[in-house]
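Notes for the one structure printed next.
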Amino acid sequence: MSDGRRFTSREARIDAVAHRLLDRLPASGLLGGLTEFLVFGIKQAFACLFGGAMLALMLATKLFWPEEMGIARYDFLFLAALAIQVCLLVFKLETIAEAKVILIFHVVGTVMEIFKTSVGSWIYPEPSFFRIGGVPLFSGFMYAAVGSYLARVTRILDMRYGSYPSLWATVLLALAIYANFFTHHFIVDLRYALFAITAALYFRTTVHYRVFRFRHRMPLLLGFLLVALFIWFAENIGTWSRAWIYPSQHDGWTPVSLQKLGAWYLLMILSFVLVTLVHRPRTCVAAVRNVSTTNSDTKANTDVTAGAESPAASR
């Protein structure tokens, strides 16, 4: 994928300014590694733009929401989420395809929220006007934030995949995961079987991503776990702000159980598969070349990526 396709016009200008500042830094050694790590963190934060803004609003309205406001806090969060989406599109910080992902996630998430609140899995303790049953409409944007992140990071880091499973198999897995979120209330919980199927399906899959100068790779299953862990941290922030609460938090906030990490891991798989329906997974073919046998800092593999011609170090 060329940089012109990876970035919107506004992002391309930001990227050009960043290159002018960072290109003069060494590519190898400690400083080179720190530069790569810094850029990785910045790009991850940029991919989290929508989710980060929503978490910030939850915290701000928890701490500073005045009682005399003429609008419910949940309704403000819903309208603010819509405004953020409009701003991201107007200022060309998000693509139309990513907006479609957010819409899909909002629908999928809201349907699950209606069911989960009806069976008492969690509650929204504050009043609101924009709601369906016991579910304020801002809640769908929490799922949309996950979809937004996955769609944006796929594009920004130019992600490619090695040994990616067939699309139909991943879609069937996603459907089974989504169904189990409902059916486990009535029949046996299949989450451990779904964990095993997920491991078997993605065991050989690696994700190759470009940060700044180099391409890196990691097992996709590890990537799923890391993202699920960060979502669990975000959920602790959300419940502390009482944007929603679990029954165990009714009398006071307590950390979200680590058992929820498994649920978020499965939700991550579902989210990732939904994103692949918009950003189809692109394959990565690695051709190995020894660049140097005397200088460990310059030893690398040529990573030949479909649609890209420039070699990059695979780390």
Side-chain angles (χ1 to χ4, degrees), residues 51 54 58 74 77-78 101-128 130-147 150 169-202 221 224-225 227-275 277:
M54 288 301 297
M58 287 179 193
Y74 287 171
L77 290 173
F78 171 64
V101 168
I102 286 174
L103 176 60
I104 293 170
F105 272 82
H106 195 287
V107 173
V108 170
T110 299
V111 170
M112 190 161 73
E113 286 282 324
I114 293 170
F115 174 78
K116 288 291 191 179
T117 54
S118 71
V119 297
S121 296
W122 55 81
I123 60 172
Y124 292 89
E126 299 180 24
S128 62
F130 298 108
R131 66 191 298 121
I132 300 176
V135 179
L137 292 186
F138 88 88
S139 65
F141 283 108
M142 295 299 94
Y143 297 86
V146 177
L150 290 172
T170 64
V171 170
L172 288 178
L173 173 62
L175 289 173
I177 289 172
Y178 191 63
N180 190 66
F181 279 119
F182 297 86
T183 59
H184 82 86
H185 289 278
F186 310 107
I187 60 175
V188 64
D189 188 350
L190 299 175
R191 73 177 64 193
Y192 294 110
L194 292 170
F195 287 145
I197 295 171
T198 298
L201 202 59
Y202 290 104
L221 287 172
F224 288 155
L225 178 61
V227 175
L229 182 62
F230 275 96
I231 295 174
W232 179 79
F233 284 129
E235 187 176 35
N236 275 281
I237 295 173
T239 54
W240 180 85
S241 72
R242 293 185 73 81
W244 70 93
I245 58 173
Y246 290 100
S248 62
Q249 299 170 322
H250 187 270
D251 296 325
W253 182 80
T254 56
V256 176
S257 169
L258 274 174
Q259 291 182 344
K260 293 293 182 183
L261 186 58
W264 278 114
Y265 188 84
L266 290 176
L267 191 65
M268 252 300 306
I269 309 296
L270 169 63
S271 303
F272 180 79
V273 173
L274 284 175
V275 169
L277 299 180

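Tyr74 has its ring centre less than 6.0 Å from the ring centre of Phe138.
Closest heavy-atom contact between Gly147 and Val275: O-CG2, 3.9 Å. Across every non-hydrogen atom of Tyr178 and Met112, the tightest pair is OH-N, 3.9 Å. Closest non-hydrogen pair, Phe105 versus Tyr143, comes out as CD2-O, 3.3 Å.
Of the inter-residue distances, the one linking Ile269 atom CD1 with Thr198 atom OG1 reads 5.0 Å to the nearest 0.5 angstrom. Taking CH2 from Trp122 and CH2 from Trp244, the interatomic distance works out to 9.5 Å, rounded to the nearest 0.5 Å.
Ring geometry for His185 versus Phe115: interplanar angle over 60°, hence perpendicular rather than tilted (30 to 60°).
Residue Tyr124 forms a side-chain hydrogen bond (donor to acceptor under 3.5 Å, both in side chains) with just one option from Arg242, Glu113, Arg131, and that option is Glu113.
Heavy-atom contacts from other residues, nucleotides or ligands closer than 6.0 Å to CZ of Phe230 number 12 or fewer.
A donor-acceptor pair is defined here as one N or O able to donate and one able to accept, closer than 3.5 Å; such a pair exists between the side chain of Trp232 and the backbone of Ser257. Panel note: side chain Thr117, backbone Ile114; a donor-acceptor pair is recorded below 3.5 Å. Between the side chain of Asn236 and the backbone N or O of Pro255 there is no donor-acceptor pair closer than 3.5 Å.
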